[in-house]
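Because the structure is a prediction, the values reported are computed rather than measured.
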Amino acid sequence: MPDDTRRFTDSDIEIKKVYQSTVNGSPLTEEPGKFPYTRGIQPDMYRGKLWTMRQYAGFSTAEESNKRYHYLLSQGVHGLSIAFDLPTQIGYDSDHVLADGEVGKAGVAIDSIEDMQILFNGIKLQDITTSMTINATAFILLALYVAVAKQQDADLKKISGTIQNDILKEYAARGTYIYPPQPSMRIITDIFEWCSTSLPKWNTISISGYHIREAGSTAVQEIAFTLSNGKAYVQAALDKGLDINVFGKRLSFFFNAHNNLFEEIAKFRAARKMWAIIMKAAGATDEKAMMLRFHAQTGGSTLTAQQPLNNISRVTIQTLAAVLGGTQSLHTNSYDEALSLPTEEAAQIALRTQQVVAFESGISDTTDPLGGSYFVETLTRQIEDEAWKLIAEIDKMGGSVSAIEQGFIQNQIAKSAYDYQRKVETNEKIIVGVNKFQSTETKKISLLKIDDNIRKLQIEKLKEFKVSRDNIKIENCLKKLQDTASSNENIMPAVIDAVENFCTLGEIADELRKVFGEYH
């Protein structure tokens, strides 16, 4: 949608691109697209271009997930968002003893370049953006993605997407880590460095508040802990000698959208302002390196197994919060996700929710529609103030890595989760259908079932894959990887070489376990 298109309400009242107002008697001087970007990173926001509509999907085998991706793309999704199963996330092939019972369950199983080829069969990687929710093994999945792109003769300078690659929040909130903090930070900065020249449009990290919120944090804690983690990644990159004006443009964020509409909108606005201030203080001079670009996902932990159709209303509120808060990209959860992985029907309703908001609500007609609201502006400032206080505490401890090692962040999240649950159990906090307005469930919801034979199928495929390999090449690649990891060389070229020569994800992860050890 071009910027110069005039917009009107249904009563033919013309809508301005942006509105200025006053807050507590003072003029609202901040403008969208200008430092500190409280009102948005683009002057025209969605008048110029809508947010990217993603649907997070991945289950069973690469073949089954590929079918879902083709369906989603045919329904108007702009970019893919991939879920990986737990063995893939923690560096185990499907035939590993610890993978038993988990293969293909929480996401798609990816063991090798063959799986990655199947996952994107018939999909031109140069023509889409792909977000991969993966952390400890993000570098391996990125290498596999690059290898498939090269097989498609894609121009790597044009490939765009994001790897989550945020290991600090794994230690603090989620738990799918492999290596200790220091080598994990080294891998992350190696990715920053390699992508800056070889994959310049790729977002090298998605610094994630989503899982911090899912673990039970408040909105204030979500942005405080996430921005503190961001500061740690920036400092690690600066210590490696990287240019903040280069790598800063490729940092992105991933936030949760919950039900308290105005608090969530204010949270997003405050986070954008705070990050601009943090990056400027760290030495960024390029405006794009100071901009907080973020993907949002509606709150998984807010979905209820009771009266699941009510979740459609919750997701709609959360969609409004993300869009009114200025997100660049959005995934909407399906109503059945408290019960199972989403069915095709539920995923379509979730996508249609975004499309109704985009094309029918009028929200995209003006930039920062709630800018100047006494309530929203005051709440933005209050959230910012409280978040700065938490960041100052973490800074006193020596930063995020130290605060995580001391258990500070984990304890803060656990306390907030406890307080919230207590309020639900004492009816201070009403959850419709759970602790009030309950009813006898009569409607049967169709659920997506994952076949327990998936692991057997994946192991058979892996056996055939390994038989066809040149084992001398495998040994050489893994030895080269170990030598690179033991030195100060960038690890990415050796990882790409390994996947292109048919090393599996588990073999690469295990080779680095020998060098880096495991975090317990």
Side-chain angles (χ1 to χ4, degrees), residues 133 135 164 166-177 181 205-233 252-275 278 292 294-304 314 317-318 321-322 325 327 331 333 338 379-380 382-397 399-425 428-429 431:
T133 303
N135 297 284
Q164 193 166 100
D166 175 5
I167 204 64
L168 292 179
K169 69 99 173 54
E170 295 296 329
Y171 302 123
R174 191 161 174 268
T176 59
Y177 44 72
I205 192 167
S206 177
I207 306 160
S208 175
Y210 185 84
H211 303 97
I212 288 169
R213 193 66 178 280
E214 289 292 285
S217 81
T218 64
V220 169
Q221 288 171 337
E222 180 187 353
I223 63 168
F225 298 154
T226 305
L227 298 184
S228 280
N229 288 349
K231 285 177 69 176
Y233 295 126
S252 66
F253 287 80
F254 174 25
F255 289 120
N256 209 313
H258 269 226
N259 289 330
N260 193 316
L261 180 67
F262 295 106
E263 182 176 54
E264 294 300 295
I265 294 163
K267 176 189 78 179
F268 297 133
R269 298 171 92 251
R272 206 160 32 235
K273 179 180 179 182
M274 292 170 73
W275 186 246
I278 287 168
L292 183 146
F294 74 97
H295 168 72
Q297 180 175 336
T298 57
S301 62
T302 69
L303 303 178
T304 64
R314 293 185 177 100
I317 291 167
Q318 294 161 11
T327 192
H331 162 80
N333 287 334
L379 198 51
T380 300
Q382 289 171 326
I383 287 173
E384 181 191 348
D385 290 344
E386 292 303 309
W388 280 128
K389 287 177 193 173
L390 269 176
I391 289 172
E393 278 191 72
I394 291 167
D395 286 347
K396 278 182 194 169
M397 294 177 192
S400 269
V401 175
S402 179
I404 287 165
E405 288 171 345
Q406 293 176 51
F408 172 77
I409 292 176
Q410 298 94 310
N411 290 337
Q412 289 279 312
I413 295 169
K415 183 180 181 303
S416 295
Y418 172 80
D419 289 344
Y420 181 86
Q421 187 59 32
R422 181 186 54 76
K423 286 176 183 173
V424 172
E425 289 177 6
E428 286 177 67
K429 177 78 180 169
I431 308 295

Does the [X] side chain pair with the main chain of [Y], one donor and one acceptor, at a distance under 3.5 Å?
{"X": "R314", "Y": "T298", "value": "no"}
{"X": "N256", "Y": "R213", "value": "no"}
{"X": "S252", "Y": "I205", "value": "yes"}
{"X": "Y171", "Y": "T176", "value": "no"}
{"X": "E264", "Y": "Q318", "value": "no"}

* F268 vs F294 aromatic rings, parallel, tilted or perpendicular, using cut-offs 30° and 60°? ->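 Taking F294 first and then F268, their aromatic rings lie parallel (interplane angle under 30°).
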* To do: Applying side-chain contact (heavy atoms from CB on, under 4.5 Å), run through F408 and L390 and close with a yes or a no.
  => CA-CA 11 Å; F408 172 77; L390 269 176; 4.2 Å; yes
Tell me, please, which residues at least two apart from [X] pass side chain to side chain contact (heavy atoms under 4.5 Å, CB included).
{"X": "E428", "value": "R422, K423, T426"}
{"X": "K273", "value": "E30, P36, T38, I277, E384"}
{"X": "D385", "value": "R381"}

Side-chain heavy-atom pair [X], [Y] within 4.5 angstrom cut-off:
{"X": "I265", "Y": "L379", "result": "no"}
{"X": "Q410", "Y": "I413", "result": "no"}
{"X": "I394", "Y": "K231", "result": "no"}
{"X": "I223", "Y": "W275", "result": "no"}
{"X": "Q412", "Y": "E393", "result": "no"}
{"X": "L292", "Y": "F255", "result": "yes"}

* Results of salt bridge (Lys or Arg N to Asp or Glu O under 4.0 Å) for R269 - residues two or more places apart only ->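 With sequence neighbours excluded, R269 shows a salt bridge (Lys or Arg N to Asp or Glu O under 4.0 Å) to D368, E377, given in chain and number order.
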* To do: Just jot down the salt bridge (Lys or Arg N to Asp or Glu O under 4.0 Å) partners of R174, sequence neighbours excluded, or say none.
  =>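 Scan of R174 (salt bridge (Lys or Arg N to Asp or Glu O under 4.0 Å), adjacent residues dropped) gives E170.
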* **Residue list, ring pair (Phe, Tyr, Trp, His ring centres under 6.0 Å) with Y233, at least two apart or on another chain** =>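 Testing Y233 for ring pair (Phe, Tyr, Trp, His ring centres under 6.0 Å), a comparison that skips the adjacent residues, returns none.
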For the residue pair [X] and [Y], what are the closest heavy atoms and their distance?
{"X": "D166", "Y": "S206", "value": "CB-O, 3.6 Å"}
{"X": "I383", "Y": "A266", "value": "CD1-CB, 3.8 Å"}
{"X": "A322", "Y": "A257", "value": "CB-CB, 4.4 Å"}
{"X": "A219", "Y": "E263", "value": "CB-CD, 3.8 Å"}
{"X": "G299", "Y": "H258", "value": "CA-CD2, 4.1 Å"}
{"X": "R272", "Y": "G325", "value": "NH1-O, 2.8 Å"}

Distance (rounded to the nearest 0.5 Å) between [X] [atom1] and [Y] [atom2]:
{"X": "I391", "Y": "S400", "atom1": "CD1", "atom2": "OG", "answer": "8.5 Å"}
{"X": "N259", "Y": "K429", "atom1": "CG", "atom2": "NZ", "answer": "7.0 Å"}
{"X": "T327", "Y": "F254", "atom1": "OG1", "atom2": "CZ", "answer": "10.0 Å"}
{"X": "F225", "Y": "I409", "atom1": "CZ", "atom2": "CD1", "answer": "5.5 Å"}
{"X": "K169", "Y": "N135", "atom1": "NZ", "atom2": "CG", "answer": "3.0 Å"}
{"X": "N229", "Y": "I207", "atom1": "CG", "atom2": "CD1", "answer": "8.0 Å"}

* Asked: Side-chain donor-acceptor pair under 3.5 Å between E214 and S301, yes or no?
  ->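 Present: a donor and an acceptor within the cut-off.
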* Intermediate values then yes/no, side-chain hydrogen bond (donor to acceptor under 3.5 Å, both in side chains), S402 and Q406 -> CA-CA 6 Å; S402 179; Q406 293 176 51; 2.9 Å; yes
